[in-house]
Amino acid sequence: MAVQLYNTLTRQKEVFHPLEEGKVKMYVCGPTVYNYIHIGNARSAVVFDMVRRYLIYRGYDVKYVTNFTDVDDKIIDAAKEAGEDVFALAEKFIEKFHEDTSALGVKRADLHPRVTETMPDIIAFIEGLIAKGYAYESAGDVYFKTRSFPDYGKLSGQSTDDLQAGARIEVGERKQDPLDFALWKQAKADEVSWESPWSQGRPGWHIECSAMVKKYLGETIDIHAGGQDLTFPHHENEVAQSEALTEEQMASYWLHNGYLQIDNEKMSKSLGNFVLVNDLIREYDPEKIRFFMLQSHYRQPLNFNAELVEAAGAGLSRIRTFLENVRHRYRTSADFADGEAWLQKIESFKGRFMNEMDDDFHSGNAITVLFDFVKEGNLYLQGPHTSREVLREIMNTFQEWGEVLGVTFFVEEDLLPADIEDYIEQRGKAREHRNFQEADRIRDLLKEEGIELEDTPQGTRWKRVSKS
RNA sequence: GGCGGCAUAGCCAAGUGGUAAGGCAGGGGACUGCAAAUCCUCUACGCCCCGGUUCAAAUCCGGGUGCCGCCUCCA
């Protein structure tokens with residue numbers, strides 16, 4: 001089976017065929033850096049990071065680019081309000097973006113271009129559109145002539161006539177048509193601006209992505225992704241600009257992730273329910289949050305609240321506990337060599353995992369495969385004989401899956417301090433003498449220090465837990 | 001008004017014609033000195049409602065109802 005993905009452009013699931021065999025060019029719309037990212041931004045970053053990781057797992061050489069919108073009205077407003085320099089503010093939130101997303105297991109993109117670093121390319125792009133008659137200057141602004149692009153609306157499924165009916169017509173607009181959108185905007189006197197053939201100004205929002213895609217990935221790319229809300233107008237406008245200029249298809253596949261809601265309500269400033277990742281990761285293990293997000297399909301709407309994250313976290317713990325038990329068994333048991341049947345079973349689980357992921361990156365179903373594995377694996381561990389080869393292969397397999405999902409399944413072990421080891425030994429002796437009062441006293445003592453003891457047929461083992 | 005999505009157990013969530021996965025929570029049992037971990041078992045006579053097609057429908061068709069998103073530089 002091959003990778004299949006749902007393409008917004010065609011509104012159906014398609015088999016993935018990259019432009020160039022074995023290589024994937026992928027662009028994801030990044031944030032406007034005027035604040036800490038919220039949990040909705042994070043979902044987008046997390047799910048497309050997962051897509052990227054899976055394509056790499058499938059053997060593709062992926063070039064992954066995601067931008068920062070580092071100049072924009074909102075940034076200017078935020079800087080004004082904070083009394084800070086516009087560029088310093090953007091820089092700060094770019095750093096915070098990296099901090100927050102990396103806590104959530106998101107790998108850095110191959111390139112993180114910024115608007116402010118792409119200005120010559122943006123200006124050249126606009127000049128090209130004017131030269132071809134797709135854009136016009138109007139009192140220092142430049143607008144894209146939407147109706148001059150016949151395919152306008154093909155991505156979002158809107159016709160220009162439908163849009164016309166709902167279009168908001170602003171008073172005093174410099175546009176020739178309400179559907180036209182800005183490529184370049186003249187700056188106000190005190191605003192940050194760049195020199196251009198038309199005015200001191202700055203680019204419109206949509207043009208940056210078109211220019212960056214072209215500059216860093218080429219005229220046609222394989223996958224263009226972003227949040228569902230970007231489909232229109234942002235991506236629709238990108239398509240219009242890019243395809244008008246290059247006369248080539250901009251992207252083969254368009255992926256859009258579903259919206260995240262807070263307690264079944266839209267996240268909005270007016271409701272005051274914005275959840276910032278930076279706050280969240282102080283309260284929760286960030287991996288719980290990532291695991292929670294990946295348990296549902298990326299295109300589905302996702303409700304977010306504390307109970308749901310905790311429930312997902314409990315599931316994650318089940319997997320981690322299983323692997324701790326596997327590791328313990330690996331270290332403490334004699335080898336029972338005949339593991340052929342189980343090695344085959346592992347292969348079949350790997351196949352199931354891949355089938356689920358091939359189906360439009362259905363990480364939720366892929367995780368179900370992990371739980372099925374854990375169930376059978378636990379039964380294996382209960383048996384009297386285990387093969388070291390099988391145990392090692394189980395650990396390798398979860399290591400691999402963890403890499404694809406971006407979740408750490410193996411808990412870091414630190415060295416057991418010698419005095420704690422002594423306590424465990426003392427307790428063992430007490431138990432031998434059936435002095436359970438003393439044994440429990442030691443166990444409780446260690447528990448207070450965050451060390452939990454478990455007695456198994458292979459001896460007493462310990463693990464770190466949060467201090468009670 | 002236009003475009004799109006979703007309705008399955010207490011909660012999350014699979015399942016696109018063949019007789020309801022998985023996770024969390026909860027009940028019962030086994031194992032254990034007691035725990036922990038684990039296993040077994042129970043919890044949807046029914047998949048928003050009403051019709052229809054079919055030997056057979058959560059799944060297909062028709063008609064409703066409810067919720068949500070976009071059409072406002074919000075991922």
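Order of the sequence lines fixes the chain letters, A, B, ..., with proteins taken first and strands second; residue numbering starts at 1 for each chain.
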(message) What contact category does Glu324(A) fall into here, base, sugar-phosphate, or nothing, at under 4.0 angstrom with non-hydrogen atoms?
(response) nothing
(request) Tell whether Arg461(A) reaches the base of A37(B) with its side chain through a donor-acceptor pair below 3.5 angstrom. (result) no
(message) Nearest to the Phe232(A) side chain among A21(B), C70(B), A25(B), which nucleotide is it?
(response) C70(B)
(message) Counting the atoms with a prime plus P, OP1 and OP2 as sugar-phosphate, which does Leu381(A) contact under 4.0 Å by heavy atoms, base, sugar-phosphate, or nothing?
(response) nothing
(request) Report the nucleotide, chosen from C68(B), U38(B), G33(B), that has the shortest atom-to-atom distance to any side-chain atom of Asn378(A). (result) U38(B)
(request) Between U43(B) and A20(B), how far apart are the P atoms? Round to whole Å, please. (result) 13 Å
(request) Map Thr368(A) and Pro31(A) onto RNA chain B by nearest heavy atom, then report which one ends up closer to the 5' terminus. (result) Thr368(A)
(request) Please evaluate the base of G23(B) for a donor-acceptor partner in the side chain of Arg318(A) within a cut-off of under 3.5 Å? (result) no
(message) Suppose we screen for salt bridge (Lys or Arg N to Asp or Glu O under 4.0 Å). Which residues come up paired with Asp359(A), at least two apart in sequence or across chains?
(response) Lys13(A)
(request) Test Tyr136(A) against Gln176(A) for side chain to side chain contact (heavy atoms under 4.5 Å, CB included), laying out the working first. (result) CA-CA 9 Å; Tyr136(A) 57 90; Gln176(A) 293 173 0; 3.4 Å; yes
(message) Given A75(B), G33(B), C39(B), identify the nucleotide with an atom nearest to the side chain of Asn41(A).
(response) A75(B)
(request) For nucleotides 3-16 of chain B, just jot down a letter per nucleotide in 5' to 3' order: B, S or -, based on protein non-hydrogen atoms under 4.0 Å. (result) S--S----SS-SS-
(request) Assign Gly226(A) to base, sugar-phosphate, or nothing according to its heavy-atom contacts below 4.0 angstrom with the strands shown. (result) sugar-phosphate
(request) With sequence neighbours excluded, tell me which residues meet salt bridge (Lys or Arg N to Asp or Glu O under 4.0 Å) with Lys214(A). (result) none
(request) Considering non-hydrogen atoms only, spot the tightest contact between Ala78(A) and Tyr34(A) and give its length. (result) CB-O, 4.0 Å
(request) Please determine, for A37(B), whether a Watson-Crick or G-U wobble partner exists with both distances under 3.5 Å, and give it or none. (result) none
(request) With heavy atoms under 4.0 Å as the rule, sort His234(A) into base, sugar-phosphate or nothing. (result) nothing
(request) For Phe371(A), answer base if it contacts any base atom (sugar-phosphate contacts may also be present), sugar-phosphate if it contacts only those atoms, and nothing otherwise; contact means non-hydrogen atoms under 4.0 Å. (result) sugar-phosphate
(message) Let's see if you can work this out: which of G22(B), A35(B), C70(B) has an atom nearest to the side-chain heavy atoms of Asp372(A)?
(response) G22(B)
(request) Determine the contact category for Ile367(A): base if any of its heavy atoms lies under 4.0 Å from a base atom, sugar-phosphate if only primed atoms, P, OP1 or OP2 are that close, otherwise nothing. (result) nothing
(request) Return the orientation label for the Tyr54(A) and Phe361(A) ring planes: parallel under 30°, perpendicular over 60°, tilted otherwise. (result) perpendicular
(message) I want to verify a distance call: between A25(B), C68(B), A37(B), whose nearest atom is closest to the Gln261(A) side chain?
(response) C68(B)
(message) Regarding Phe436(A), tell me which of base, sugar-phosphate or nothing describes its non-hydrogen contacts under 4.0 Å with the strands shown.
(response) base
(message) Closest approach to the side chain of Arg431(A), judged atom by atom: which nucleotide of A25(B), C34(B), A37(B) is it?
(response) C34(B)
(request) Specify the residue among His38(A) and Ala314(A) whose closest nucleotide of RNA chain B lies further upstream toward the 5′ end. (result) Ala314(A)
(request) Name the closest nucleotide to the Tyr259(A) side chain, picking from G22(B), A75(B), A25(B). (result) A75(B)
(request) Report yes if the distance between the aromatic ring centroids of Phe409(A) and Trp401(A) is under 6.0 Å, otherwise no. (result) no
(message) Can you see if the side chain of Asn325(A) gets near the phosphate of A37(B) - specifically, an N or O under 4.0 Å from OP1 or OP2?
(response) no
(request) Just say parallel, tilted or perpendicular for the rings of Phe144(A) and Tyr134(A), cut-offs at 30° and 60°. (result) parallel
(message) Nearest to the side chain of Glu454(A), heavy atoms from C-beta on, is which of C68(B), A35(B), G33(B)?
(response) A35(B)
(request) Would you mind classifying the nucleic acid contact of Arg427(A) as base, sugar-phosphate or nothing, using non-hydrogen atoms under 4.0 angstrom? (result) base
(request) Check whether any side-chain nitrogen or oxygen of Lys375(A) sits under 4.0 Å from OP1 or OP2 of C40(B), and answer yes or no. (result) yes
(message) Between Phe398(A) and Phe373(A) (judged by ring centroids, cut-off 6.0 Å), do the two rings come close enough to count as a pair?
(response) yes
